[in-house]
Amino acid sequence: MFRQCQLQWFLKTKVANAKANDPFRREVSLLSKLQSLWAWRGYVVDQLLGTEITKALYYRHPIHLDNLLRKARTSFVLQADFARRHRIREPGMSPTKAGAAFAAWHAIEYVEPLTDADIKMAWRDVELALRNLCAMTELWDLLWAASRCIAQRPLQFESFGVKVKAIPDLIAFYADAPALIIDWKVHPKGSYSSRSQLALYALALARCQPHKDFPSPSRIGDPTELQLLEVQLLTGQQRFYCLSGEDIAAGEDFIAASADEMLLAGSDQSSHDLHVADFAIARSPEVCQRCVFRKLCWEMPHDGA
Amino acid sequence: MMALETNIFPITNLHMLAAQYRSCRIRGLRKGQRQYYENCQYLQRKLSYRLRQPVTVTERSGEPYLVVPVDVGPMPVEYPLVLTKVQIEPLDEVFELDFASRDPDTDSLCVRFLHFAIQAPLWKNARLWQPQSGGPFYERQPAQTFRGIHLFSGFRL
């Protein structure tokens, strides 16, 4: 986000505050919850996999496609209804209050075309992702062999003077093999490679303080030994990645460069000491048009800045 | 390493060339806005490639105007840019472009029109392909093939 638009990063990370007295900061917090339909349907899949897979593996219950689809459909319909009625704007509404029903769409806030056909297509993707996942027998064999699986766990470590946080989709630990990190992807063509993203997850798992529920002993010392798997749920492709020392070095360079840029931009300062004009804006009109903070940003005085 | 050659061809019949163009008002874009120049260049480049016609942005009394050939076809009514979405309003007045007279205001128009005029037959040439709009043209048949690698020679305007 920082590289695409520094101002967007500033608003999301420094300004957004749902509990602030300043109505502007509360509005920024509300807008920060908006998602495109595309991103939301991936989120529905991620959410479901995060709970159902770990539950099934923990209790050693097989996963049934019908059950998964039913739960997915319930979430999908509930959240789609909430989002279409734009209930995020109801007085007193919050993600906590809305619970599992919470969803907020960029297209509704910005009055952009959104048809029943678009929503049907989103559901079709969710259904296809789950069907493909259930058909991945080799992947399930890998997961059943794990001693423990943890989903959506934030991993934090310090690097080059900044705190780095990574949230892998799923980590599978093994008694006699290196840990496996899985990244679920819901892309129609499956051409996007999450190699560098997985490298950062590997770094995070290797460098973070082991959590209390990480199995002991767990083989996560060397990030190049970790197993990394990208699963393209819409196409059924699975890609294993092996990291070399150069990959790890490249990942660390990326963190160092990003940390430098962010520190120069004032990431270590309070929002009161920073100003909108201190931040570069997007160079790409596509990024600008898709931004959740568009309505606030376009009203800001940018002239001559 | 491949050698690069530059060929320079003078255009000797500028006095025989003619083109008519129309101006379009751009609402929502003004000097002093952040990203003004970047937005002007983006609009010029993207519309040129989308319409496959020479499009340029000029200023008149400090206001930006889009300049397009009179036969350009349907123009988008609005276009998204950074920090704004502009509305494009074609104006009725039509101008004659004189390629032979040197004038700072029209020189950039002339160069742009000529650039597209020269590219147009290349787009239609079945022996050439252009992987990316605005990029080089390559011959469809490889100049060399070795170890399973095809080497295509090409050129750029």
Side-chain angles (χ1 to χ4, degrees), chain A residues 1-12 15 24 27-28 31-32 34 36-39 105-114 118 189 191 265-266 274-305, chain B residues 24-68 72 74-90 112 129 131-135:
Chain A
M1 186 194 300
F2 183 83
R3 289 192 168 183
Q4 285 199 328
C5 180
Q6 291 184 4
L7 185 51
Q8 187 186 75
W9 169 85
F10 169 63
L11 290 173
K12 186 166 175 85
V15 178
F24 177 78
E27 177 68 5
V28 170
L31 291 174
S32 72
L34 298 175
S36 66
L37 185 67
W38 173 276
W105 293 343
H106 185 283
I108 303 293
E109 176 71 25
Y110 286 97
V111 196
E112 285 162 358
L114 187 67
D118 294 327
K189 291 188 183 164
S191 51
L274 299 167
H275 190 267
V276 158
D278 296 333
F279 297 93
I281 56 176
R283 310 299 292 267
S284 157
E286 285 85 11
V287 167
C288 197
Q289 296 292 323
R290 280 197 314 259
C291 179
V292 297
F293 305 117
R294 195 171 87 198
K295 56 170 41 168
L296 294 180
C297 188
W298 288 19
E299 284 167 13
M300 288 177 189
H302 290 281
D303 289 20
Chain B
C24 305
R25 189 173 282 122
I26 307 173
R27 294 205 186 277
L29 192 63
R30 54 187 168 76
K31 239 173 171 170
Q33 274 176 331
R34 205 167 173 185
Q35 296 288 98
Y36 169 75
Y37 292 105
E38 289 90 341
N39 277 337
C40 287
Q41 284 180 11
Y42 182 87
L43 191 63
Q44 178 173 295
R45 191 173 73 248
K46 286 293 181 178
L47 281 182
S48 294
Y49 296 145
R50 176 171 153 175
L51 300 169
R52 289 228 151 167
Q53 293 268 18
V55 170
T56 191
V57 174
T58 59
E59 279 181 15
R60 207 193 293 171
S61 309
E63 296 291 321
Y65 283 81
L66 210 55
V67 174
V68 299
V72 74
M75 292 275 294
V77 171
E78 55 181 24
Y79 207 87
L81 297 172
V82 174
L83 291 179
T84 186
K85 189 182 267 191
V86 297
Q87 279 77 45
I88 298 171
E89 293 175 8
R112 197 128 182 97
W129 61 295
Q132 196 183 342
S133 288

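Chain A is the first sequence line, chain B the second, and so forth, proteins listed ahead of strands; every chain is numbered from 1.
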**Request:** Could you tell me the separation between the CZ atom of Arg34(B) and the CE atom of Met300(A), rounded to the nearest 0.5 Å?
**Result:** 10.0 Å
**Complete:** dist Arg294(A):CZ -> Leu83(B):CG (nearest 0.5 Å) comes out at 11.5 Å
**Prompt:** Gln35(B) and Arg283(A): which non-hydrogen atoms are nearest, and at how many Å?
**Reply:** NE2-CA, 4.0 Å
**Prompt:** chain B: which of Ser284(A), Pro285(A), Ala282(A), Cys5(A) shares the most heavy-atom pairs with it under 4.5 Å?
**Reply:** Pro285(A)
**Prompt:** With a 4.5 angstrom heavy-atom cut-off, which part of Lys46(B) approaches chain A: side chain, backbone, both or neither?
**Reply:** neither
